[in-house]
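Count residues from 1 along the sequence.
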Amino acid sequence: MSNDTLAFPLTPAADDPQRRTWLIATTAAGGVAAAATAVPFVSSFAPSERARAMGAAVEVDVGDIPPGGMKTVEWRGKPVWIVRRSPEMLAAVQKPSPDLADPNSMRDQQPEYARNVTRSVRPEVFVAVGICTHLGCSPTAVPAGSANPSLPSDWQGGYFCPCHGSTFDGAGRVFKNKPAPTNLEIPPHQFLSDTRLLIGEDSRSA
């Protein structure tokens with residue numbers, strides 16, 4: 001290509017070897033700076049691991065949960081409880097209190113496999129979103145026989161929201177005349193094996 005085709009034709013000053021060296025160095029430095037600026041900018045478009053996990057299904061090992069124990073995992077930014085019911089806990093939920101507002105989970109949309117007396121796929125494993133359905137507070141697990149003055153003397157175990165006093169039985173069913181309008185949410189889930197649980201997908205939605 002001849003010089004007359006360049007937008008900025010070379011000048012005699014640019015033919016000087018020392019000037020040419022400075023021009024090359026300056027151009028190279030500018031290119032490095034531009035590249036350094038571009039890398040973080042481009043990286044900002046890549047979703048973080050946490051962002052990907054927010055909407056993804058979560059696989060959990062439930063084999064290490066003892067009877068009566070609970071494990072909490074995060075799914076879509078929500079705490080999900082996984083409870084291995086003891087024989088006593090299971091017996092309590094299989095005889096629902098007459099004071100439950102929605103014993104059959106008919107008020108809210110729940111998976112079909114939650115519309116049973118234990119509200120679970122497997123009777124001994126209870127999976128629920130640990131957020132009160134009133135204003136999104138965090139209930140706490142309270143075992144049977146608790147001396148909590150906010151609970152009845154014949155309390156059979158379940159969950160109590162200290163913010164506004166809502167109570168739920170061991171299957172997450174809300175009691176009557178409480179601020180929470182519905183039972184605790186049951187997330188989609190399925191068992192991959194005896195000890196592996198997938199939260200966020202089930203055989204119908206996968």
Side-chain angles (χ1 to χ4, degrees), residues 48-62 64-86 88-90 92-93 96-97 99-111 113-115 118-190 197-202:
S48 66
E49 290 296 330
R50 180 176 176 82
R52 282 196 291 266
M54 290 288 280
V58 178
E59 188 173 336
V60 187
D61 180 8
V62 298
D64 58 351
I65 306 176
M70 174 192 289
K71 178 179 285 189
T72 301
V73 298
E74 182 180 359
W75 172 67
R76 293 188 175 179
K78 303 175 182 178
V80 175
W81 297 335
I82 306 166
V83 180
R84 185 174 295 279
R85 292 168 169 143
S86 65
E88 294 77 15
M89 295 167 68
L90 187 55
V93 300
S97 168
D99 294 326
L100 296 177
D102 184 21
N104 298 316
S105 296
M106 301 305 294
R107 287 186 181 177
D108 45 356
Q109 294 182 354
Q110 301 283 289
Y113 44 79
R115 291 186 174 178
T118 62
R119 298 188 78 220
S120 59
V121 177
R122 295 182 179 177
E124 73 278 9
V125 179
F126 178 55
V127 182
V129 175
I131 298 177
C132 181
T133 56
H134 178 216
L135 293 177
C137 301
S138 298
T140 58
V142 183
S146 171
N148 189 326
S150 298
L151 298 173
S153 58
D154 60 347
W155 178 250
Q156 296 298 305
Y159 309 94
F160 171 65
C161 185
C163 298
H164 303 97
S166 294
T167 50
F168 306 84
D169 76 347
R173 294 172 290 208
V174 68
F175 281 81
K176 296 177 182 177
N177 303 316
K178 299 295 181 178
T182 60
N183 298 335
L184 294 180
E185 176 188 356
I186 305 298
H189 62 280
Q190 61 181 307
L197 178 69
L198 186 67
I199 298 171
E201 293 180 4
D202 56 29

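- Using cut-offs of 30° and 60° on the angle between ring planes, the pair His189 and Tyr113 is perpendicular.
- Contact detail for Asp169 and Tyr159: the closest heavy-atom pair is O-CD1, 3.3 Å.
- For the pair Val127/Pro187, a side-chain contact is recorded, criterion being any heavy-atom separation below 4.5 Å from C-beta on.
- Of all heavy-atom pairs between Val83 and Met89, the closest is CG1-CE, 3.7 Å.
- Counting all heavy atoms, side chain and backbone alike, Phe168 lies closest to Ala180 at CZ-CB, 3.7 Å.
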Which donor-acceptor pairs under 3.5 Å do side chains of residues 136-146 form with protein atoms, sequence neighbours excluded?
from	atom 1	to	atom 2	distance (Å)
Thr140	OG1	Phe160	O	3.3
Ser146	OG	Asn148	N	3.1

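- The OG atom of Ser166 sits 8.5 Å away from the CG atom of Leu135 when rounded to the nearest 0.5 Å.
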Working for side chain to side chain contact (heavy atoms under 4.5 Å, CB included), residues Asn183 and Gln110: CA-CA 9 Å; Asn183 298 335; Gln110 301 283 289; 5.5 Å; no
Test log, rule side chain to side chain contact (heavy atoms under 4.5 Å, CB included), inputs Thr167 and Lys178: CA-CA 7 Å; Thr167 50; Lys178 299 295 181 178; 3.4 Å; yes
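- Checked against side chain to side chain donor-acceptor pair (under 3.5 Å), Glu124 has no partners two or more places apart in sequence or in another chain.
- With contacts defined as side-chain heavy-atom distances shorter than 4.5 Å, the pair His134/Cys161 does not qualify.
- Residues Val60 and Ile199 meet the side-chain proximity criterion, which asks for heavy atoms closer than 4.5 Å.
- A salt bridge links Lys71 with Asp64; the closest basic N to acidic carboxylate O contact falls under 4.0 Å.
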Derivation of the side chain to side chain contact (heavy atoms under 4.5 Å, CB included) call for Val93 and Arg119: CA-CA 9 Å; Val93 300; Arg119 298 188 78 220; over 6 Å; no
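- A donor-acceptor pair is defined here as one N or O able to donate and one able to accept, closer than 3.5 Å; such a pair exists between the side chain of Arg85 and the backbone of Pro123.
- The distance from the CG atom of Leu197 to the CD atom of Gln190 is 8.5 Å, given to the nearest 0.5 Å.
- In this view, Ala92 and Gln156 satisfy the side chain to side chain contact (heavy atoms under 4.5 Å, CB included) rule, not counting sequence neighbours.
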Ile65/Ile82 under side chain to side chain contact (heavy atoms under 4.5 Å, CB included): CA gap, chis, key distance, verdict: CA-CA 9 Å; Ile65 306 176; Ile82 306 166; 3.8 Å; yes
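- Closest approach of Trp75 to Ala56, counting heavy atoms only: CD1-O, 3.4 Å.
- Rounding to the nearest 0.5 angstrom, the gap separating the CE atom in Met106 from the OG1 atom in Thr182 is 14.0 Å.
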